[in-house]
Amino acid sequence: MDLPRSFTIRESGHRIHNPFTSEKLATLGRALGLAPGTSVLDLACGSGEMLCTWARDHQVTGTGVDISTEFLAAAHARATELGVTDRVAFRHGDATGHVADEPVGVAACLGATWIGDGAAGTVELLRRSLAPGGIMLIGEPYWRREPQDQATVEGCHATTKDDYRPLPELLELFGRLGCDVVEMVLADQDSWDRYVAAQWLNTRRWLDAHPDDEMADEMREDLATGPVRHVRYQREYLGWGVFALMNRR
């Protein structure tokens, strides 16, 4: 059980596997006003940057779950680098259906709502781990601009326009699920550039080092077409943000 190689090749140098900069991640942590000792569950945690930096900056404790052995190795290394190995732990496994052993103050899934078959299912999954008065964090794409054709939809890595919602409709969905939206931090076009453009350099360096690998042709095609696809479609049409939700009383 692991992520596809193409994904780990593209994001081998990433600490955050979403269009979210370290500055925005820090902004989110400050905005939430986390009390020292707050317990956090991060499903599909990637390389553990949220848990590790928030353990350092806000003295939270927590557990991250991810299927990527490569990203979890980076998470363990980051925890050691920041001196927080006594406050965070990481588990290799499929986050789908994962529920914390004990209720947590923050239950998060940033950019992987496929684990709940979409945003609605992921909210219900996170609820199962949440302590009363706790906060859910959902990282989710949305349409910045209405896509005009199927080429735009597919250029944003979607199958149909309905795969994403405009931002107002996404917030309305959270309301229908019985949640108050209490904070949000949104990516911008620079965030997208930092996330996606860094993939190109990772890919090129991998190709230079592995010219005869069985995946070389696929990754070469990805590098040849990815930059134009990003600036033509994804950068212009697709937004992304982290939304803090609390159950309505």
Candidate pair Glu146 and Lys161, rule salt bridge (charged side-chain N to carboxylate O under 4.0 Å, His left out), full reasoning: CA-CA 9 Å; Glu146 187 82 5; Lys161 184 173 71 172; 2.8 Å; yes

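- In this structure the side chain of Val106 reaches within 4.5 angstrom of the side chain of Leu34, judged on heavy atoms.
- Listed for the Trp192 side chain is a donor-acceptor partner under 3.5 Å among the backbone atoms of Leu238.
- In this structure the side chain of Pro227 never reaches within 4.5 angstrom of the side chain of Arg232, judged on heavy atoms.
- Partner of Ser47 under the side chain to side chain donor-acceptor pair (under 3.5 Å) criterion, out of Arg78, His17, Glu11: His17 alone.
- In this structure the side chain of Ser191 reaches within 4.5 angstrom of the side chain of Asp188, judged on heavy atoms.
- A 4.5 Å side-chain heavy-atom check between Val182 and Leu245 finds every atom pair outside the cut-off.
- Under the 4.5 Å side-chain criterion, counting only non-hydrogen atoms from C-beta, Tyr233 is not in contact with Val153.
- No path of Ile, Leu, Val, Met, Phe, Trp and Tyr side chains, each step under 4.5 Å between heavy atoms, connects Phe71 with Leu41, placing them in separate hydrophobic clusters.
- Taking 4.5 Å as the limit, some side-chain heavy atom of Leu125 sits within range of a side-chain heavy atom of Ile115.
- For the pair Arg145 and Tyr237, the cation-pi test (distance below 6.0 Å, angle within 45°) is passed.
- Among residues two or more places apart in sequence or in another chain, the salt bridge (charged side-chain N to carboxylate O under 4.0 Å, His left out) test is passed with Asp213 by Arg5.
- Under the side-chain hydrogen bond (donor to acceptor under 3.5 Å, both in side chains) criterion, Asp162 pairs with no residue, sequence neighbours left out.
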